[in-house]
Undergrad: 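Here it is, the structure, as structure tokens.
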There are 2 protein chains.
Amino acid sequence: MPKVGMEPVRRQQLIDATLESVAELGLQATTINSISKRAGLSSGIISHYFGGKQGLIEATVRYLLNSLKYSLLDKTYGGCSAEQRLMYIVEANFAMVQQQSNTTRTWLSFWAQSMHDNELHRLQHVNSRRLQSNLAVSLAAFMPRAEAKEAAELAAGMIDGLWLRAVLSKADHHAFHHSETLAKRYIQSLIKQFGG
Amino acid sequence: MPKVGMEPVRRQQLIDATLESVAELGLQATTINSISKRAGLSSGIISHYFGGKQGLIEATVRYLLNSLKYSLLDKTYGGCSAEQRLMYIVEANFAMVQQQSNTTRTWLSFWAQSMHDNELHRLQHVNSRRLQSNLAVSLAAFMPRAEAKEAAELAAGMIDGLWLRAVLSKADHHAFHHSETLAKRYIQSLIKQFGG
DNA sequence: TTTTATTAATTGACCGTTCAATTAAAATAA
DNA sequence: TTATTTTAATTGAACGGTCAATTAATAAAA
């Protein structure tokens, strides 16, 4: 059965299967069987590649966070205006909807779990700070640094809050897009307060 | 062993123990044993009073939602200005911090679970709509109804978002209070935009 | 042959639920 | 009052099921 050099392929297969399972059943009901079955592999393979269920969960979160990180880097590659970059930040944070398998509820599961898992909390914290930092850098083009910092705090809250409420209400694609638009408009109003 | 009329006492004991267990271990790791042990009762009693673990979980969420609802009703009892009521709404939604046992992370657990549990989702949805509706009613004192509705959507997002980010970062009491202040200031800025 | 990749079977721990047995309070009868 | 019966409250052991992890076996590649 074994071909050589399967490791990266199998790892991604298992991460994808984990995303599917968590989206469908929730983190609570996701087991190594529900994952391996979706991946078309045996359950033992999880321990082989990730050391256990916990390792696979954490690798999956790292994969999600990297996807978010690089989707923003891709959009801003080659440079853009500060305002355009702010809109890209909002888009990136709302984009996880149309991704394969409802990734949105998966984020929620991981966040809740991060309250009781140190490694998950570390990852979540890095991500949360990155959003705020990205916003602060771009907002600094329109206002003094101190004001930009506080505006970034508000903007990050608005983005996460509108996103959360859309997820929790099981919003359809249209309602989700509406929330994205509100978040963008709010950031533009922050800029205008400083004559941007 | 039994005195008569124990039912309401036992129900509350079990609900309190559930809050403690979920706050400490997470919903994932909370079992009928972790609950009944904390309550100082046997595991069987859960099925006797709540029909099973699921019933107890749902009763606990209903208890939390009612606490939130009545804490606002108490504050506004006897009437107050529209602006004061808006501040009370923010306070009520941030107040769950200093409650006994960290109720904040418990809310997070239940929200995540509501993505995969119909009854929990129903309860969450009612609560989410109530926040937005409460905000819209009070904001309508300062602006036309249509604008109040959209402002309420933004305000609800800001409250939930700032609250979420404070919880996820395991903020201390001080940082939590800072987020509460930001939310209040934002709502006041919404009012000022209409010359309130 | 040795190494790498993978499976399938097994293990032991733990889950929620059920239910027969037990206890003590309350109600009734003497 | 005292004795007896009934009922509400509660326990905890037993059960069937499922979990993550481990192990040994297997198959292909080097």
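These values consider heavy atoms only, across backbone and side chains, with no hydrogens, waters or symmetry-generated copies. Proteins get letters first, then strands, A, B, ... in listed order; numbering begins at 1 in each.
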Undergrad: Looking at D/dG12, C/dT7, D/dT10, which one has an atom nearest to any side-chain atom of B/Ser43?
TA: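 Per side-chain heavy atoms of B/Ser43, the pick is D/dG12.
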Undergrad: With respect to the side chain of B/Ile45, which nucleotide from C/dT6, D/dA20, D/dT10 is positioned closest?
TA: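 Per side-chain heavy atoms of B/Ile45, the pick is D/dT10.
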Undergrad: Just how far, in rounded Å, is P of C/dC14 from CD1 of B/Ile35?
TA: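 For the pair B/Ile35 CD1 and C/dC14 P, the rounded distance is 17 Å.
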Undergrad: Between A/Asn127 and A/Leu123 (side chain of the first, backbone of the second, donor and acceptor by atom type, cut-off under 3.5 Å), is there such a pair?
TA: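 Judged by distance alone, no pair lies under 3.5 Å.
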Undergrad: What is the separation between atom CG on A/Asn33 and atom P on D/dA21, rounded to the nearest whole Å?
TA: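 Spelled out: CG on A/Asn33 to P on D/dA21 is 12 Å.
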Undergrad: Just the rounded figure in Å: distance from P of C/dA25 to CD of B/Glu7.
TA: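 Computing the B/Glu7:CD to C/dA25:P distance gives 19 Å.
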Undergrad: Please report the C-alpha distance between B/Leu65 and B/Phe110 in whole Å, then the side-chain angles of each, then the deciding distance to 0.1 Å, and finally whether the side chain to side chain contact (heavy atoms under 4.5 Å, CB included) criterion is met.
TA: CA-CA 11 Å; B/Leu65 294 177; B/Phe110 290 145; over 6 Å; no
Undergrad: When the distance from CD of A/Gln28 to P of C/dC14 is rounded to whole Å, what number comes out?
TA: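 For the pair A/Gln28 CD and C/dC14 P, the rounded distance is 18 Å.
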Undergrad: With a cut-off of less than 4.0 Å, is there a side-chain N or O of A/Tyr49 near OP1 or OP2 of C/dA5?
TA: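 The answer is no; no side-chain N or O of A/Tyr49 sits under 4.0 Å from OP1 or OP2.
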Undergrad: Between C/dC15, C/dT6, D/dA9, which nucleotide has the shortest distance from any of its atoms to the side chain of B/Thr31?
TA: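 Between C/dC15, C/dT6, D/dA9, the one nearest the side chain of B/Thr31 would be C/dC15.
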Undergrad: So if I take every side-chain heavy atom of B/Ile32 and compare against D/dT10, C/dT17, C/dA8, which nucleotide ends up nearest?
TA: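 Of the options given, the side chain of B/Ile32 lies nearest C/dT17.
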Undergrad: For B/Leu27 and C/dG16, what is the distance between atoms CG and P respectively, to the nearest whole Å?
TA: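 Taking atom P of C/dG16 as the reference, CG of B/Leu27 is at 11 Å.
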Undergrad: Expressed in angstrom and rounded to an integer, what is the separation of A/Lys37 atom NZ from D/dT18 atom P?
TA: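 Result: 11 Å.
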Undergrad: Would you sort out whether B/Arg165 and B/Ser179 count as a side-chain hydrogen bond (donor to acceptor under 3.5 Å, both in side chains), showing the intermediate values?
TA: CA-CA 9 Å; B/Arg165 292 179 67 84; B/Ser179 292; over 6 Å; no
Undergrad: Any idea which of C/dT6, C/dC15, D/dT11 is nearest the B/Leu41 side chain?
TA: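 Nearest to the side chain of B/Leu41 among the choices is D/dT11.
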Undergrad: State yes or no: do A/Val137 and A/Met87 share one hydrophobic cluster built from I, L, V, M, F, W and Y residues joined by side-chain heavy-atom distances below 4.5 Å, directly or via other members?
TA: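 Result: no, two separate clusters.
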Undergrad: When we call it a touch if two heavy atoms are under 4.0 Å apart, what does A/Thr30 touch: a base, just sugar-phosphate, or nothing?
TA: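 It contacts sugar-phosphate atoms only.
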Undergrad: Which is true for A/Gly52 with a 4.0 Å heavy-atom rule: it touches a base, it touches only sugar-phosphate, or it touches nothing?
TA: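 Sugar-phosphate, backbone atoms only, no base.
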Undergrad: Nearest to the A/Ser47 side chain among D/dC19, D/dT22, C/dT17, which nucleotide is it?
TA: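 Between D/dC19, D/dT22, C/dT17, the one nearest the side chain of A/Ser47 would be D/dT22.
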Undergrad: Quickly work out the B/Phe50 CZ to C/dT18 C1' distance and round it to whole Å.
TA: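 Rounding to the nearest Å, CZ of B/Phe50 and C1' of C/dT18 are 18 Å apart.
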Undergrad: Go through the steps to decide whether B/Arg129 and B/Gln132 satisfy the test side-chain hydrogen bond (donor to acceptor under 3.5 Å, both in side chains), and finish with yes or no.
TA: CA-CA 5 Å; B/Arg129 293 296 289 269; B/Gln132 200 165 321; 5.8 Å; no
Undergrad: For C/dT6 and A/Arg10 - does any side-chain N or O of the residue sit under 4.0 Å from the phosphate oxygens OP1/OP2?
TA: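 Checking C/dT6 against A/Arg10, a side-chain N or O does come within under 4.0 Å of OP1 or OP2.
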Undergrad: Take the protein atom CG of A/Leu14 and the nucleotide atom P of C/dT6, then report the distance between them rounded to whole Å.
TA: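 Going from A/Leu14 (CG) to C/dT6 (P), I get 10 Å.
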Undergrad: Where the side chain of A/Lys53 is concerned, which of C/dT6, D/dA21, D/dT10 is the nearest nucleotide?
TA: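 Per side-chain heavy atoms of A/Lys53, the pick is D/dA21.
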